[in-house]
Structure formats: structure tokens, C-alpha cells
*Asks:* 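Attaching a single structure in C-alpha cells format; questions to follow.
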Amino acid sequence: MSGAASATSTLARPEQDPSVRPPLVLGGKRVGDVTRLVSGIVEGKTPRWWWPVFLFTGGITAMCFAMIGYLFATGVGVWGLNEPVGWAWDITNFVFWVGIGHAGTLISAILFLLRQKWRTSINRAAEAMTLFAVMCAGIFPGIHVGRWWRAYFLAPIPNSNAIWPNFRSPLLWDVFAVSTYAIVSFLFWYVGMIPDLATLRDRAKSKTKQFLYGLFALGWRGGNRQWRHYEMAYLLLAGLSTPLVLSVHTVVSFDFATAILPGWHATIFPPYFVAGAIFSGFAMVLTILIPARALFGLKDLITTRHLENMCKVILATGCMVGYAYSMEFFTAWYSGNPFETFVFVNRAGGPYAWAYWTMVTCNVITPQLFWFKKIRTSPWLIFALAIFVNIGMWFERFVIIVTSLHRDFLPSSWGYFIPTWVDILTFVGSFGLFFTCFLLFLRFLPMIAMSEVKGIMRGHSLIGADEPMDVHGRGPIAAHKHKEARP
Amino acid sequence: MNSSKPSNPIDAAQPGVAPYAAPQFWRSLAHRQGSADFVSSADREFPDGATESPATEATSRRTFLQLMGASLALASAASLPGCRRKETRIRAYQQKPEDLILGKPRWYATTLCRAGATLGVLVETHEGRPTKIEGHPLHLNSLGATDLYTQAAILDLYDPDRSRQCLEQGKPADYDKDILPLLAQLSERHRQNQGKGLAILAERDCSAGLQMLQKHMARTLPEARWYIYEPAQCGGLEQLVQQNIVATEQGARAETTLHLRQVGMPVWSKTIVAIDSDFLGTEDRGVAHKQDFAHGRAASAGEADGSFTPPPANRLYVFEPAMTLTGASADHRYAVAACHMPLLLGQLALALGVGHRNLSQEYQSLWPAKVAQVPGLPVEVIAKLAEDLKANQGQTAIVVGRGQPAVAHVLAMMINKHLDSRGVVYHPRKQSSLSAITELTGRLSKNDISTLLILGGNPAFNAPADLPVADLIAKVPVSIRLGLYEDETSAVCRWHIPLAHDLERWDVCRSGLQASIVQPMIDPLTNGKNPLEIVARLIGHPTTDGYQLARDAYAALDRTGDIVDWEKFIERGVGQITFVHCFPDAAISYAQVKELTHLDQSRVLSAEALEVRFVPDYRLFDGRYANNGWLQECPDPITKITWDNAALMSPKTAAALGIECRSVKGQTVADVIVIQVGERSLEAPVYVLPGCADWSITLPLGYGRRAGGSLATQTGFNAYALRTTSQMGFAVGATVKKTGKTYLLATTQEHWAVAAHHLGLGDEQAHERGLIRQGTRQEFAKDPAFAQKMGEHAPIHLSIYQSPKMDGDHQWGMVVDLSACVGCSACALACQAENNIPLVGKNEVIRGREMNWMRIDRYFTGDPDGQVSASFEPMMCQHCENAPCEPVCPVNATVHSPEGLNEMVYNRCIGTRYCSNNCPYKVRRFNFFDYNKGSLRQSGHSPFDGQIQPRPQAGFSQPQLLQPAMQELLKMQNNPDVTVRMRGVMEKCTYCVQRIQEAKIAAKSKVGQQAADGGTDERAAVKIADGAVRTACQQVCPTSAITFGDLADPQSKVAQLQKKHHQQLGYFILEHLNVRPRTMYLAQLKNPHPALDLTPPNHKEPA
């Protein structure tokens, strides 16, 4: 909890004194450097790599929409679904993306409330990632229904038939949970960005940019009262988001837990899903930030320590997920229910055993490597392991959904699911959408919360007249807050 | 003929239908008077001025732009409604026929005929369009029940692939201008030469009309010949007929049919032995056999109240080379190769001491020494069986399949006679199929025939492979074919005439004690002609009108009983006639015994000398239903294969030959083999089926058609290619080679194949999970509640949600009696016909998207290398009171009715499929595409994508299945009382809610009528009488395995059954899930011989 900043003498060897926290911004950066560094990404010339990558991901996005168009025109049959397996990649992708969407808000809200200052360098990007992931997630339930043109039946719209949605259905809970989460996450992200947008507005050289950044900066002047209101709003939104982080995936897990299907019907699902979501969310944050920090030269802001912290979270949640896997087996055996037992034996040894063991390898074994500090501090190794975790978490959802469905109660209706090319391309396309949005974010919005980073910088109080560009920064107020935060 | 018109029901319903002469229609008085103005205006396509340019002078640029602009605006305005769903108009009657109530179906009696077996039916017609066929309760072959062929027949009527026009050498011909003069000319020619060179080849049928014409022909054209060929009926008995061994009292030759039922008598067969005979399956009178068989076994029978005691049951022993429906229903079933059956029968005869006079000694001297044992059969079985037969002397029946050699039939006749079992009677037949086709071929090859008329049938496809029938027909100067489809035979005939469907023509059928009417339900849709008319014209019969011919034929019958009058006969549909049957006095000669012994010694089967059997298919029969999509997609009751046939063999045989039928990613991938018999060979995929005799391969007939419809030509392989005159039932000495190719089979159950060493995970699970509960009568006597101890415990009924209020006047429920169910699948077809269930095609079945609301689950038990038995379990929506599908639907599309029905609101459904995921019975079906629109091909999803290359026959254009006009034709079959579901909607069994509503309306209007008459209080609760509502599956079931009714009415049969069996045989599947189903199953009771209990019922000991 304690502040890290004031003891300058420990800068050189922070590890030796555990009571003293290492600095969060390296390279002797001053607050002006932070502004220049982060705003420079937005203001500078488009990097040479940006356009090809953007065109590539944009093309994939277009393919995603082409697939959706084909699906809409033809029918759900273009996917590989069948009679026992009524959900497969559609809902797998949905849960996968929603899970990824957890990291951002967790970093922003829960770590904010817990005063984890290291969050400031990564929270903006993580929140943006959350939004884009929730966007990708939202697509799948919308398009997976058989009559998409009647999907509005899900909304509680007063109508002449006086038919309401069925409030007992977890799918409806999903609609509310995910849309609430999306809205609150967006507000949280946007409100947190207002001071930085004002900075960009003030630094902007073209009229258009001034107008646009000015429009979204909502007339931010950095005044005392504005800061007071702003901080209160931010705190409130953090408080509002925190239960949502837990509730969204809990509700998503109800899609399965409230069903009577063996393999779905389990009380362990809510905590297990939340842990899994955080697990996958942090993996995705790492997957994105490791290349981004290298490409934009942000290694001093997003430091190895940040990466290491995230690895620790992955290790912890990975262990929880592994515990849940083993506990499912234990419950199945302990229940003595032949249906339940069969599902888990079939999961590990049936036709989808390959998927199950992929999942276990990626999600339980891979994160154990993070026990080693050497691995935790090697960014590209982390990147590779995070990819494994992403794969593993997609398979976790696939295993839960498809292996439970494909062999359920009556052996006569057992089946098998094989994805079609439309399944595959739609899923790949959703990554296109995700990365396209993220590229646009990197290019046009401040990817690091400048004002917040400055607030936790060592020596931030040294802000002086040599920083003319940063008059709308938050130096004195952040310092004030910082002092208060001390025990 | 005119006098009959008012009472003819068809005329009232169908103003356009006139069975005798088409009325002249006129468009206006001017037309009728033939005025010059009308003639000229009719000749021109458009009225005056319509084709002139709107601008009187040359079109100016301005006018052009005006016109184009206006057209564009109009076109876009017109296309705006295109954003909505297309609206179609309902065409109303301009003048409503008298006493027709729109929306209220009418029922007419008629008869369907298949291979000489008739089934009296009632046809439901809506505004003159037949939509559903039910059994005729007064017809003795039906008693109200039907089979799957009958259920599917309605689809044939509307088949867009049916032949629509007369053809001459493949080119369109006109019936009036070309065919009629031709027939007149031929008739004249043959009148002069006494019918020399004239031959008619027909199928076996029971048409009294054709029999009358046949007699007329014999009288007037003595040189002409009438041949009857029926491929499925060829076999050993045919040889027997040729050898003239069996002679009836009348001196006619005889053919055997199993006849378990004696009209007006209880069913008395106690011990039934089926030798390679599928009498519950494809044999004639299958419906009646099933009824008789189940009569003594059903647990749903018995006293009306009190505790349940099972009625005395029959005991069925089955010896068969491959699993059949009969074998699945057996109490004792043994897999024995077809060629070993005579040996088995001989041993049985010996054990019973049959044929003292001239046989016993020869037997004893020949048999026991040489062949000790029937391969695959435990030694003690014959002795025990003989013991059982002797104990029930006079109440036994030994039935032998058609494919068995003559000697087997003779032995069976002798044993039956010895045991005094008069249940097996023989109908006299004048001619055998095999001799007919052989004789005809002989005459054709001698150019002895100048005029050949082929009525139906398809000899070019299904004649024995060693007879070059097709080539010879092509050489006949005048060959005329009357056929439903332009098929293989049409291709080789010079002339083709479309045949009228059974529901489009007049005739009279006779079978057993009854004559029954065949009357048109609709005007011929595809210009089909009544065969009576064509034959009458050809042979120069004075009457050429179908209706009059049928009437004359009826008049010529030896009628008895009360209904003699034609009008009454039409109305009632059936009338009594005298019945001719016989009990042949068979004896076997010493020479035959020697031959028999000799044969058996040569029949030692091995991997190098396999046995190949030819059996009619459960779906396509002999191939005649090959273009019927419902039957093609109906899973084979045993193998669950759709859209194909496969060579069936036992796991052991397959393993020994190195052949596999694997499961790859849930799909059944079969090895393709080449079967070599003599110089003939055939490529076929293999399906490994438990319960087959070792070294015996079974080939279902009827697939691999080369013409005759777009569905027929794309499925399966043609087993007729191996079937020769000497080996019509089975051939011995076949060899098999692997080709290295594989083939994808579409199976609806077990999307994985059965491995050699185990039966498949699913079947073991089915018994472990208490899904199929089975016991013996002995077990039941010891512990009547044995079924209650299987499966999981039922929980205390708890729910966090308030249960739906089930406070309706009726509470619908069902009981399915597994002891009665023989797995024939007629119910599944009936459900399809009643509920407008679409076809999905082979590819979609492979994907697991079949739409059947009702399926028959089949589970094997036992050791696949030894004793195997199969059980069937009809599975449809269980209408759970605490239905798991209901709370999960986010849009309230599946809800509970006050009468306890789990209802599906199609308009509300958006297709999340969550209900299906949460349904433990997996009975919900999803429209992944617009299956009902038949738009599969339009969207590039052909039902046969990449499966098989179509095999069009040269000279025939492939009919376009899904042209819009043809879709209209198929739509005519739809039941107007049931919604046609669109893409993206979930659907499932509704307990036939439309029938419930219909009965309610009828009951209400009756009460209303009584109230209006001052009788009762109109507001009194309207109760439907028990039995007034019958679900489609219940109605067709020949064994009455399904009982449906009102649980709230304590007097109803279903309520009494559920009460009676509550603590005995009754169980609810997956009851432990607290879903509280409304459908109760009654555990299956088998009746094994106490000393021969070799088929242990597979269930857990009570814990």
C-alpha cells in the first residue's frame, strides 16, 4: 500500500530493501518526457509498419463481416452445428472474448481501488482491449440465433402482444450482464481519458484535431474543481465496475451452470469462470502490450516489472483454473452419478481428448513456468507463453461446451462436431476486428494514461517552468493525492 | 354410370374430378358459341393495342426518358414489398361445392397394393387434396394400422419426378393422337391373330379388375400370355412350385404365406419359429403379423384395472443370418447362415420324429453322422426347441423365409403338419415369378413376341442378372410401358405411358376374405393412366372406362355377406368375398434328402466361400420406393443407415477379412469391397452389424437405380447385379476383396461404427443408465417391481420455480409399451406425414441434422461375436411437467399449456438452440436451413454434395427436383392444420396438438348443438371422450405400443395404464433429473424358454 516514491537513495538497488518499492517509470523520465513520449505516438508520423498491418487486419475484419453476411443470407447451417451440439464455436468464441474483456476492467477498477500503482501504465490499453473484446464477444450471441432478424425479441420492449422476455433464462441475464459491462467499461475508459484528450487537444496543430480532441475532452481545463469532480467520478465508476468484473463471467457461467447437462451443471462454475477470465484477460494484455511497448519504445513506462506482475496474476489464476479442473473430476467421482462420471471420463478419454489435453497443457502446465523469475522477466518468452494461455483458454470453453453436448444422456443421440470453413473464418475474422480496433486506438488515442502515470512518478513534484507543454497535467494535484495515499 | 354420380363422394369434393369424362369448360359465352371475335382474340397473345408503341410516332428521346424514369420508379416501388416476406394468395372456391366445409378434412376409403399384398386405407383429403393415409379399421390386413410404405405413399403421389407425359423413344408423344390409335391398331391386329405374339408383364397384384381382364384375354386371345414377376417373392418356393410338389385342393400351385390370424378367433400361436423369415418386417401382411404377434405380448394389454398380470405370451424363436426386426423381437435368436437352414430344419424334423413313413431312417442314416451340428448353433437348442414345440402342439407355427430353398419349405410344411399347426396356410398361385420371367425371356430371345405391355414393375432393373431382359425388351417391335417414373424399363421400351398412382384411379382389390375399393382421391396430377384402361384397349375389351371396369370387376366377384351393393361398397371400402386357401400335404422324397445332405456338406462357409443373401430393403422394398425421400431418409430400423444400403456382415467376419467400418470424426466411413459371385462382381460399402451369422453377407435390394427420379439414381448399390435365377435367395461361394476405397454412410444413430470387440460405448451405457429396462416373465413373476430398481433414484420433486399451473380440463399423457414395439418405424413416418417434417438430404444427416420428431432408438445387448439381441425405444418429446427446455428459452418460445403440453411457439422462436442443449432426450429439431422450402440446392447445399456422382441414364433428362412449379406440387402434401416451419426455428413433437384441438372443437360444437337443442348446459366443461384423440404415431402402430390420452380422466386407458404400472413395469426415462415426463415407458418383458435362457437380459442386479 505504501507509496514508493520518496526514497530516492534506493533507486539503484530496490530489491535489497523490501519496504521500498522500485520505481514504476524507468530511464530517469521526467513528466514532460511522458507527455512527449505518449502524445508523440499519436502526433507523429504514421509508423511504417502500421499501414500494412492495418490493411491486413482490416482485410480479416472484412472477411468476418462477409462470413456473417453469408450466415445471415443462408442459415445457421453454414456452421458445423448439429443436433446434440447446438452450440459450438459461436458460444465458445463469445465466452472466450468476454473472458478476455475481464483484464482491462480488473486492472482499472480493482487495482485502482487496491491502490496498485503499477496499473497506471497499462490500464488504458487494457481497458481499450476490454472494450474491443466485449465488442467481438457481442457479435457472436447476436449472430448465432436462427432468426437474427428477430433477435430484438431478447430486449424487454413493451409490445402489443404483451410478451416479455423470459427472465428465468440465463441467456437473458447474459444480455443484461454483458451490455451493462460494456457500457460501464466504456464510461470508465472514456472518463479516465478526458485529461489526456485535453492534453492532445492542446498539443494538436491542425484545426480538425483540435476540434475533435476538444469535442471529446469535454472542455477540460485541469482546474481544481474539475479535478475534484473527475476523481470522484473515476472512483465511483471504479466502484461500479468492480462487482461487474465478477458478475459478468459469473452470469456467463450460469448459461452452463443452470442447465441440467452433465459437464455444465456445476456450482463451481462462477468462481472458476471468473478466475479463467482474469487468466485469459491478462494473457491477452501481455500478448498485445509486449509488441506494442517494443514498437513504440515504451519500455520505460511499461516496464519488465509490469510484465512480471501480470505473470504473477496469470500464475495465480492458472493455479485456480487447474484446481477447478481437478475439482470437477473429484465432484463427478464423489457424486457417484454415472452420467456425471461418464462426461468427465469421456472428456479426458473420448473423441475430444485431444482438445482436453491441449487445454490442460496450455492452462495448467504452461503458467507453472512463471514460477521462474528468469522467465517472468523475459518479455518474448512471456509473449510466447501468453499465446499458449490464449489458446488454452479458447479450448477450455470449447471443451466445456462441445464435449458436454456431444455425448449426453441418451447414447442414441450422441454425435460429433466438425467446424466448417465458415466457423473458422468467422472466428479468425473476429481477431481481425479486435486488432483493427486496437491499431486505430494506438494511432489516435493516448495508449498510456499520461496523467495517471505522472501521478505516480518519482520526482513528480519537481514539475516546473521548463515544462510549458504540460500546464494541463496533474502535477500538484497528483502530488497532493499521493501524499494522502500514504499511510 | 350416370346414376352413380350423386353418391360418388369424389364428385362432391372435387368439382374438377370426373372419373369418366372430362367436362367441357368454356371461358365465355362467345367462346362457347365459337364466335369469330373470340377465336381471333384467343389466338393472339395480347389484346388490341397492347403490343403497339405508346408513342404514335417514332419514340422521342424525351418520351424514352419519361418512360424509363417512370418504369424505374415503378420498379423500385414494386420491389419495396420485396423487403418483406413474399405474400401468397389463397385461392378460394368460386363456387363452393355443396356440403363441403372448408378446413374440415374428408375421409375416403381406398386400397393400396404392394407386391400382391393389400392394405385397406382411409385417406384424409383437404379440399380435394389427399394429405394423409391411415389404416382402414374394417380391412382385415390393417384393422386401422399401417406400415411405413403406406405412410410414405402420399409423398409418391406428389413426387415432382413422376412421369408426366407419354413418350415414344424418349420423345414426347400425345396420348390421344399417338397412343390411342396405336392401342386400337394393336388390338385389331391381335384380334385377328388370336393374340399371337402378345405378352403382358405385370407385377403381382390383387386387382380384381386386372384379373377380370386376364380372364377376358384368355378367352378372346388364347395365344396371348400374361406374366407376373415379383422380384421380392422369388426364392426356393418358386422351385418347389416348378417341381409341382405342392398341390392344393384345387390343383393349383401354392405359395406360402404366414397366416397367424384367424378371423374371429383368438391368436393362438404359442410357439413361433422363424427360419430366415422376417415376417414382422418386409414380408406380406406385415401389419397383420405384427398385430397378431404383439397381441400376446403387450404389457399394455390385460385386465382393465387391478394389479397387472402379464397375459399369456407367445414365444418366438428366430434363426436368421442377419439381424432383422423379427430377430430383434425374438425371445431366442440365433445367427445361422441362410444355407444352413435346411440342415437346421432337418435336425428339428428329426428331433420331432417327423415323416415316419419314409424319412426317419434316411435321416438317421445320413445326417447325424455327417453333419454333427449346425454351425453357430449350440447343440442343445434344437432339442429344447423340439420339446417346446411338442408341448404346445397345435399352437405352433414354423415359418420359412422366401429366400430359402424348396427343401426348407417342404420340411417346414411337414413339421407344421406333424404338429397340427394350421396357422400357416398357403394361398394358391397359378404362376411363379421366376418361371414367368424365365419363360418370357426365353420367348423374347426367340423373337416370339411382337407386342409387349409392361404394367408397372421394373424388370430392366430387377430381373435376375443372368437374364438379359433389358436388351431383349429393346428388340421387341412394339413395347409399351406403363410406369410411375421414366425408369430403366421405360428407357428400353419404345413407348412409355405415365401410370396413375393408386390414389388416382379406380379398381377393386381382393385379399383373403375381403374385396376393397380403389378409388381416386384426386384427378391424375401427371396425366397418369389407369392400367385397366390400357389393358382393356389393348386386348379389345368392350369397356375401356376405368370406373366401369372396376364396377364390372366388383360385379364379377363372388361376394358374400351383407354388402353387395356397389354404392355401399364404395362408401365402406370393403366387402366380403369367399376365401380360397389350402393346407398342402407335403412330403419329401428320399432323393431330396440325399440332395439336401449333399448340399449341406458343400456349404461349409469360410473366408474363401462366403454366403451372399439378397433381401428386400426395409425402406425401398425391391426398389419401387427409391424416389421417395421420406423412405430414403427414414433410418433402416436395424442399421440406422439413411439414403444408402450397405453390405452387412458380422464383426468377426469383417475382422477376418480385414474390412473395417470405422468412425472418423463421428462419421461412419465404410470400406468398399468387391463381392465376387461366379463371374459377376459388385462394389459395395460394408456396414459391420452385430448379430450376423459368420461368413454371411446380406445385401439389401432396391438401391443403385440408374433412372427413375433424382433421388433414386443417387443412392446405394444395385444388389440385383449378383442375383441370378439359380440363386434368388442367396448365393454360396462368394469371395470378397478390399478395394482400398472408402464410402461415407449417413447413420442417424451411432455416428461411430461398431468395433469388432465391443458393441459400442452407447449400447452399454443405455443399459447401465436404465434407459432400456428389460426382464423376463420369470423375473417379473419373482419381482414385479424389477424395473423400478434399474436406473437412478427419482428425486423428491423440488423446484425453485413455481411449476406451471396445469389446471386444464385434460392432462395429456402417453404410455409406450416396449414389449409391444417391434421397431418397424411406421410411427416415425406417420409423424413425418402428419407434421410436415421436411427432408434434409444425406449430407445433412451426416452432419447430424435429421429432422424426425420421432425416432426409434435401437440398442444392442450381448456379445457381438455370439448372442446378440436388439431393443427398440421410440423417442419423442416427453412433455416434461418440469421441462428443462422452458426456463432456458430467453424469449418464452417454449411454454407449458394448462393441459400439460410442452408447447413450441414458432412465431416467437428466434433459434438460440438453448432448449435443445438442455433437453436430456435430444428430441428437439432445428431448422438449420429453410428445409421446408427445399432451398438446399438453391443455396448450394445439395443433399448429395460430393457424395456420389449422379448416374443419369442416356436419353433421359434428369428431372429438376426443385423447380418452383414442382415445389408447389410437393406443398400440396402438407397438412394444413400444422404450421410449416421456417429456417432458424426449433421444432419438436407436439403430442399432435392439432388433433387435440380438432377433437376439442368437435366436442364443443357437439355440446353447443345439444345446448341449442335444449339438452345440456352449454357452459358445462367440455370433455373429450377417451380415444377421440389419437396421435399420428399411435394411430398407425400395428402393435398398439403407444397409448395416448387424458391422465385427468381416471377411466381413460392411459391413466389406468400409468396407475397400474406405476410400481411395476412403468418407468420414466431419466426420471432422476426431476423433469417429470408425461410419457411413461413399460419395461420390456421377454418370454424365454426357462431351460434355454441363453439371452440374459442385460440389467443391473437390484442394489
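Excluded from the calculations below are hydrogen atoms, water molecules and symmetry mates; all remaining heavy atoms, backbone and side chain alike, are included. Within every chain, numbering begins at 1; the chains are lettered A, B, ... in the order of the sequence lines, protein sequences first and strands thereafter. Everything numeric here is computed off the predicted structure, so don't read it as measured data.
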*Asks:* Among B:R908, B:H1072, B:M875, B:E873, single out the residue with the greatest number of heavy-atom pairs under 4.5 Å to chain A.
*Replies:* B:R908

*Asks:* Non-hydrogen atoms of chain B under 4.5 Å away: do they reach the side chain of A:I401, the backbone, both or neither?
*Replies:* neither

*Asks:* As an exercise: rank A:L261, A:I418, A:D408 by heavy-atom pairs under 4.5 Å with chain B and give me the winner.
*Replies:* A:D408

*Asks:* So is B:R913 actually on top of B:F926's ring, under 6.0 Å and inside 45° of the axis?
*Replies:* yes

*Asks:* Which answer fits A:F256, side chain, backbone, both or neither, if we ask what part of it has an atom under 4.5 Å from a heavy atom of chain B?
*Replies:* backbone

*Asks:* Just so I understand: if I count every heavy-atom pair under 4.5 Å between each of A:A151, A:G80, A:P351 and chain B, which residue has the most?
*Replies:* A:G80

*Asks:* Under a 4.5 Å heavy-atom cutoff, which of A:L172, A:I260, A:V85 has the most pairs with chain B?
*Replies:* A:I260

*Asks:* Side chain from CB out, backbone as N, CA, C, O: work out which of these in B:P887 comes under 4.5 Å of a heavy atom of chain A, or both, or neither.
*Replies:* both

*Asks:* Regarding B:R983 and the six-membered ring of B:F929, is the cationic atom NZ or CZ under 6.0 Å from the ring centre and inside 45° of its axis?
*Replies:* no

*Asks:* Pick one of side chain, backbone, both or neither for B:C919, based on which atoms fall under 4.5 Å of a heavy atom in chain A.
*Replies:* backbone

*Asks:* Less than 4.5 Å to any heavy atom of chain A: does that hold for the side chain of B:T912, its backbone, both, or neither?
*Replies:* both

*Asks:* Step through it carefully: locate the ring centre of A:F409, locate the ring centre of A:F339, and say whether they are under 6.0 Å apart.
*Replies:* yes

*Asks:* Which atoms of B:R925 come close to chain A, meaning under 4.5 Å heavy atom to heavy atom: side chain ones, backbone ones, both, or neither?
*Replies:* both

*Asks:* When the ring centroid of A:Y352 is compared with that of A:H406, is the distance short of 6.0 Å?
*Replies:* yes

*Asks:* List the residues meeting ring pair (Phe, Tyr, Trp, His ring centres under 6.0 Å) with A:Y334, not counting sequence neighbours, and say none if there are none.
*Replies:* A:F330

*Asks:* Identify which one of A:F398, A:W421, A:W394, A:W79 satisfies the ring-ring contact (aromatic ring centres under 6.0 Å, His included) criterion when paired with A:F427.
*Replies:* A:W394

*Asks:* Taking side chain as everything from C-beta outward and backbone as N, CA, C, O, which of these in B:V923 sits under 4.5 Å from a heavy atom of chain A? Side chain, backbone, both or neither.
*Replies:* neither

*Asks:* With distance as the sole criterion, is a donor-acceptor pair present between the side chains of A:D255 and A:W87 under 3.5 Å?
*Replies:* no

*Asks:* Do you see a donor-acceptor pair shorter than 3.5 Å between the side chains of B:R981 and B:N927?
*Replies:* no

*Asks:* Side chain, backbone, both or neither: which part of A:L71 has a non-hydrogen atom closer than 4.5 Å to chain B?
*Replies:* backbone

*Asks:* At a heavy-atom separation under 4.5 Å, does A:W164 approach chain B through its side chain, its backbone, both, or neither?
*Replies:* backbone

*Asks:* For A:S430, check side chain to side chain donor-acceptor pair (under 3.5 Å) against everything at least two apart and list the hits.
*Replies:* A:W97

*Asks:* At a 4.5 Å cut-off on heavy atoms, which part of A:D90 comes close to chain B: side chain, backbone, both, or neither?
*Replies:* side chain

*Asks:* Using non-hydrogen atoms and a 4.5 Å limit, figure out which bit of B:L1073 sits close to chain A: side chain, backbone, both or neither.
*Replies:* side chain

*Asks:* So which of A:T403, A:L81, A:L405 actually passes side-chain contact (heavy atoms from CB on, under 4.5 Å) with A:F417?
*Replies:* A:L81

